[in-house]
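When a residue number appears, it is its place in the shown sequence, counting from 1.
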Amino acid sequence: MAHVSVEGAEVVVRLGLREGLAARRRKVRVPVSALREVRVEKSWWRVLRGRAGHGNWSPGRCSGVRSRPDGEDFVAVKADSTVLCLELDASAPYRRVAVSVPDPEQAERRVRDAMPGGGASEAQAPARDAPADPPQHRPPLQHEGGTADDHGRPPGVTSRTGSGAGQPPLDGERALRANAGRVRREHVLHRRPDGPERT
């Protein structure tokens, strides 16, 4: 597994032997000034985005660089692990660095403490007079012991695509106009007169 540390003005990700061989590097360094967001992602596959570049993309273990139109992501994740995700700005060599680490919450705190302003930008910092909003939590997914599907929908909530949601109700007159020129055929199977008798 990878280990994340802050050394001066850089966040250093040291990869394990397997991840290092697959990614063809043992360390990834990004400047602290390029950090936009630090978070922990419980679903390892959600950090994979873009097209797979050089690296190892075997099921359950992904290490290497993924290409996107706005830049590249570096990932070193394995299945059933919690991932530390570093979102970076355009000045960094990657747009996102996502790695499986032994203690992601502790690594997140270390990196967040090194960020300018303690990790909260002025836009993200709550106003002093206003009460802070409670954190928004997504429902646990099925592989996490919950009942929500892969899109975070609880049971009984319909999909927004493919079910006709958001479309106007069917207009009877419009349906008759659309079917007016359609040729209708009987869909009844007839027994062939020269066919064998069924008993």
Side-chain angles (χ1 to χ4, degrees), residues 1-23 25-50 55-56 60-66 68 70-146 148 150-152:
M1 270 196 164
H3 294 278
V4 177
S5 62
V6 179
E7 296 177 4
E10 289 184 321
V11 177
V12 180
V13 178
R14 287 184 174 79
L15 301 175
L17 181 62
R18 280 183 158 178
E19 291 92 357
L21 289 173
R25 67 183 65 214
R26 289 299 304 264
K27 290 182 188 175
V28 175
R29 294 178 175 269
V30 293
V32 172
S33 60
L35 286 170
R36 289 187 304 131
E37 180 187 353
V38 180
R39 63 186 168 87
V40 172
E41 179 60 58
K42 301 223 183 275
S43 300
W44 67 274
W45 51 268
R46 288 184 183 260
V47 299
L48 300 176
R49 60 183 189 176
N56 178 26
R61 191 175 289 272
C62 302
S63 298
V65 176
R66 297 185 70 88
R68 300 195 44 197
D70 63 342
E72 294 181 328
D73 292 353
F74 181 83
V75 295
V77 297
K78 57 185 208 171
D80 301 327
S81 67
T82 307
V83 177
L84 178 69
C85 192
L86 308 173
E87 299 289 344
L88 307 165
D89 62 19
S91 66
Y94 301 107
R95 297 306 303 256
R96 175 187 282 175
V97 175
V99 290
S100 296
V101 292
D103 189 0
E105 287 80 14
Q106 182 182 5
E108 178 189 23
R109 281 192 299 274
R110 271 197 310 258
V111 173
R112 195 174 294 281
D113 290 344
M115 289 175 69
S121 65
E122 294 174 13
Q124 294 173 339
R128 291 183 185 164
D129 297 335
D133 291 334
Q136 299 294 324
H137 297 286
R138 64 172 173 76
L141 302 177
Q142 292 173 357
H143 72 278
E144 297 169 338
D150 289 343
H151 302 285

Checklist entry - How close do Val4 and Ala107 get, heavy atom to heavy atom, and via which atoms? => result CB-CB, 4.4 Å
Item to check | Pair listing, ring pair (Phe, Tyr, Trp, His ring centres under 6.0 Å) test, anchored in residues 95-114, at least two apart | outcome: none
Item to check | Within residues 6-15 or reaching into it, pairs that qualify as salt bridge (Lys or Arg N to Asp or Glu O under 4.0 Å) - sequence neighbours excluded | outcome: Glu7-Arg14, Glu7-Arg29, Glu10-Arg29
Next on the checklist: List the residues meeting side chain to side chain donor-acceptor pair (under 3.5 Å) with Glu108, not counting sequence neighbours, and say none if there are none.
Outcome noted: Arg112
Item to check | Inter-residue atom distance Met1.CE - Leu15.CG, 0.5 Å rounding | outcome: 12.0 Å
Checklist outcome for this item: Rounding to 0.5 Å, atoms CZ (Arg68) and CG (Asp73) come to a distance of 6.0 Å
Checklist entry - Can you list every side-chain hydrogen bond (donor to acceptor under 3.5 Å, both in side chains) pair that touches residues 75-84, not counting sequence neighbours? => result Ser81-Ser100
Checklist entry - Which pair of non-hydrogen atoms, one from Val6 and one from Ala114, has the smallest distance, and what is that distance? => result CG1-CB, 3.6 Å
Item to check | Other residues, nucleotides, ligands: >12 heavy atoms within 6.0 Å of Arg49 CZ | outcome: yes
Checklist outcome for this item: side chain to side chain contact (heavy atoms under 4.5 Å, CB included) filter on Leu48, not counting sequence neighbours, yields Trp44, Cys62, Arg66, Val75, Val77
In residues 83-95, what donor-acceptor pairs under 3.5 Å come from side-chain atoms, sequence neighbours left out?
from, atom 1, to, atom 2, distance (Å)
Glu87, OE2, Arg39, NH2, 3.3
Glu87, OE2, Arg96, NE, 2.8
Glu87, OE2, Arg96, NH2, 2.9
Asp89, OD1, Ser91, N, 3.1
Asp89, OD1, Ser91, OG, 2.7
Tyr94, OH, Arg25, NH1, 3.0
Tyr94, OH, Arg25, NH2, 3.4
Arg95, NH1, Asp70, O, 3.3

Item to check | Spatial distance of atom CZ (Arg36) from atom CE (Met115) [nearest 0.5 Å] | outcome: 10.0 Å
